[in-house]
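Below: one structure, written as structure tokens.
A note on names: the letters A, B, ... follow the listed sequences, proteins ahead of strands, and every chain is numbered from 1. A quick note: this is a predicted structure, and the numbers were derived from the prediction, not measured.
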Amino acid sequence: MSKPRVIYWFRTDLRLHDSPALKVALDLEPECLYPIWTWDPHYVYNARVGPNRWQYLLDCQNDLSSSISKLNPRSKLFLMREGPTTLLPKLFNSWKITHLVYEKDTDAYARQRDIEIAKLAHEAGVEVVTRVGRTLWDSDRLVEKNGGKATMTQKQTIAAGDKIGNIPRPIPAPKFLPDPGELNLDFESQKPDIDADLNAPHRSSSDKSYAKIAGPNGDFAIPTMEELGLTPATTPHRGGETIALKTLAAIIKDEKYTATFEKPNTAPTAFEPQATTLLSPHLHFGSLSCREFYWRVQDVVDNYKGKASQPPTSLTGQLLFREMYFAAHAKLGFSFEQTYGNPECKFIPWHLPSKIDPKSGLKTREYIVDSAQADEWLNRWKYGRTGFPWIDAVMRQLRQEGWIHHLARHAVACFLTRGGCYIDWERGLEVFEEWLIDHEPACNVGNWQWLSCTAFFTQFFRCYSPIAFPQKWDREGKFVRRYVPELVHYPAKYIYEPWKAPIADQKKAGCLVKGDGSEFEDGQLKLYPKPMFDFNERKDLCMKGMKKAYSVGLRGNDPKVIDGSWSALFSDGDHPLGRVEQKTRVDVDEKVGRDRKRRGQGTLDNVITKKE
DNA sequence: TGGTTCGTTGAAGAG
DNA sequence: CCTCTTCAACGAACC
């Protein structure tokens, strides 16, 4: 009998250590093993991915490829520039593949894609083998053990996990890898249909992502940022399994830090070094296995002589939040990613809601500009020009470095939604999707729902102040001075509220608080914007709005939300920026059309390009 | 995994 | 030594 010929399809599992799927591929004792990556057009054009995450991904691919080559110099990560649904069936045929092996993916898009791929493989007579390795427990089994319901608390998640059983110990990296087979590409390559490139704002030159299937030199090399036409990354954070394991080892070595870690007691204002592990992007790309992380931490905790911290605030507790969000996503699918149609989400009439495709019931890339004021606030928030130094510092750190502390995410998310602008959490989610190097669909959605008090968390009266909160951690304002350098010479007394500094002090500090952030200099003096609103006034209005929305008590799947008649339940005074027009879904679509016409394409980035 | 206000309590210092 | 004042520290109640 002939031996298996296997494609190992790498996706979000860019590592060799603790990979159950890679192990099962090797256990097949294949005659040849092709480690491949295919460039999914969904990620290239439909997902929002800024240069920092692109670079991080390329880092992970390069590190993995060189690790593969160390085990077998004839092998590497073979990178192909074609979408998986068109490419894989051709490879099955050309390379006489018997088995396709991959790690089970988690988000709604990837799961849908994998069902399609499995069907194509079945039609080609190729056996598909998958294993769970991205989560501590299989998300579908967590849902099953949670009574078939979405996991909405960490308690439920732990209880469901206990019913499944112990978290498996990590397995070691393989000691050898089989040769790949012949790399003939005796077929026509197919370029993807592109209706829009969401990442066009990040391209400085023409996009050659799909120019040639095996790359410009025909050697299956990992592309460069230049080949992808992307502007250079600005982050100091670099990806790859080698760095991930080194970072983990350094954390574990500090037993006290590892065993007594409590998330709420870590400073969001700390930088170089930051107060938390910064392992999240490694978990996202799979350059670190979550089980490896879990057990290396748990072993330290179990041997620790003092009092160790416990979930949810401990290090392992952070992994359990991840499990909860993954399982909720597994249960709710695409509807998890939006309020509309989502039974677990409270309905709150935010500004700038997503435009919904009436056919699918899913959000589109467009949103409704029901308030020009709110649209301006969103723009100023995104680019760190709100006039609140703490908020602006965090947003600029996010844009430059692609990573911000978890509590900093809380602060800016609260500010954009229920604690300031009253803007839809789905707008904030998109900005995080674009800029975070650790962007994980389920975690991003879950955290935005949490912070906006849309789901998971309901105590909307707990509201982060952009002044008192950072002051608790950083009275001197070192963090603000780092990321909002125009304020570097401000006295600590005014660093979080520079508009209160007398003009003489402003001049002495070399920066005037003036304007809306569209200008940066006034003669010799730098400019920092005036606060875009009175925070306390806005906070009170938002809380009033939240109280009303909670008392109306609609969920995302309520018929009144679906057909738009919800607006009859809210009166003029119930909305922080005045009345939202009553619109049925169809009317809303027309309005978006008008807005797009009026504002060019109507996207946020066009508005910003004009300003810059 | 909040902020603010207001009341209580007790330490510390002035006289 | 007593009395009065101040204020930090804490906790409850409310948003």
Side-chain angles (χ1 to χ4, degrees), chain A residues 151-158 257 259-270 274-280 307-325 346 348 388-391 394 403-422 425 428 432 438 443-475 479 495-497 500 531 533-551 573-576:
Chain A
T151 44
M152 298 306 287
T153 67
Q154 192 170 108
K155 213 175 161 184
Q156 289 172 0
T157 310
I158 292 170
Y257 176 87
T260 64
F261 180 96
E262 286 191 278
K263 186 59 131 320
N265 295 338
T266 59
T269 51
Q274 74 290 337
T276 53
T277 68
L278 231 156
L279 288 173
S280 51
K307 194 174 184 297
S309 53
Q310 296 294 318
T313 59
S314 64
L315 270 184
T316 55
Q318 307 312 302
L319 284 177
L320 296 170
F321 277 119
R322 193 172 166 269
E323 295 294 308
M324 173 178 80
Y325 292 142
K346 292 190 163 61
I348 296 149
F388 294 95
W390 159 243
I391 300 296
V394 171
W403 180 90
I404 53 178
H405 186 280
H406 186 67
L407 293 181
R409 301 182 197 204
H410 280 213
V412 297
C414 178
F415 184 90
L416 185 73
T417 58
R418 65 185 167 83
C421 307
Y422 219 69
W425 61 271
F432 275 27
D438 62 18
C443 298
N444 196 31
V445 167
N447 282 327
W448 274 96
Q449 291 179 356
W450 183 299
L451 263 301
S452 61
C453 292
T454 297
F456 297 103
F457 182 73
T458 56
Q459 287 165 291
F460 56 80
F461 42 81
R462 290 191 186 171
C463 179
Y464 290 86
S465 154
I467 293 125
F469 181 72
Q471 240 162 14
K472 197 168 73 184
W473 300 101
D474 181 7
R475 193 153 276 284
F479 178 80
I495 194 71
Y496 294 111
E497 30 192 356
K500 286 191 177 168
F533 45 60
D534 178 317
F535 177 75
N536 287 326
E537 207 174 86
R538 287 295 309 170
K539 183 193 72 181
D540 290 345
L541 283 168
C542 285
M543 276 194 197
K544 241 179 93 190
M546 293 296 291
K547 208 170 165 181
K548 171 70 179 186
Y550 267 51
S551 76
D574 295 331
H575 209 280

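Looking at residues two or more places apart in sequence or on another chain, you find a ring pair (Phe, Tyr, Trp, His ring centres under 6.0 Å) between A:Y325 and A:F456. A:E497 pairs by the side chain to side chain donor-acceptor pair (under 3.5 Å) definition with A:K500, not counting sequence neighbours. Scanning for side chain to side chain donor-acceptor pair (under 3.5 Å) contacts around A:T276 gives an empty result, with sequence neighbours left out. A:F479 pairs by the ring pair (Phe, Tyr, Trp, His ring centres under 6.0 Å) definition with A:W390, A:Y483, not counting sequence neighbours. The side chain to side chain donor-acceptor pair (under 3.5 Å) search around A:K263 returns A:Q318, not counting sequence neighbours.
Judged by the 6.0 Å and 45° rule, A:R418 forms no cation-pi pair with A:F460.
Judged purely by atom type and a 3.5 angstrom limit, A:T151 has no side-chain atom pairing as donor or acceptor with the backbone of A:Q156.
Closest to the A:L407 side chain, of the nucleotides B:dT4, B:dT1, C:dC15, is B:dT1.
Distance, A:Y464 OH to B:dG3 C1': 11 Å, rounded to whole Å. What separates CD of A:E537 from P of C:dC15 is a distance of 19 Å, to the nearest Å. For A:K472 and C:dA9, the NZ to P distance is 16 Å, given to the nearest whole Å. In this structure, the CE atom of A:M543 is 11 Å from the P atom of B:dG3, given to the nearest Å. As rounded to whole Å, 12 Å separates atom P of B:dT1 from atom CD of A:Q154. Distance A:W450 CH2 to B:dG2 P: 10 Å, rounded to the nearest Å. Atom-to-atom, CD of A:Q471 to P of B:dT4 comes out at 9 Å; the value is rounded to the nearest Å. Computed from coordinates, the A:K263 NZ to B:dT1 P distance equals 14 Å when rounded to whole Å.
Looking at heavy-atom distances under 4.0 Å, A:K547 makes no contact with the nucleic acid at all. Among the atoms of the strands shown, only primed sugar atoms or phosphate atoms (P, OP1, OP2) are found under 4.0 Å from some heavy atom of A:F469.
A heavy-atom distance below 4.0 Å to DNA chain B is reached by these residues of residues 317-324 of chain A, ordered by number: A:Q318, A:F321.
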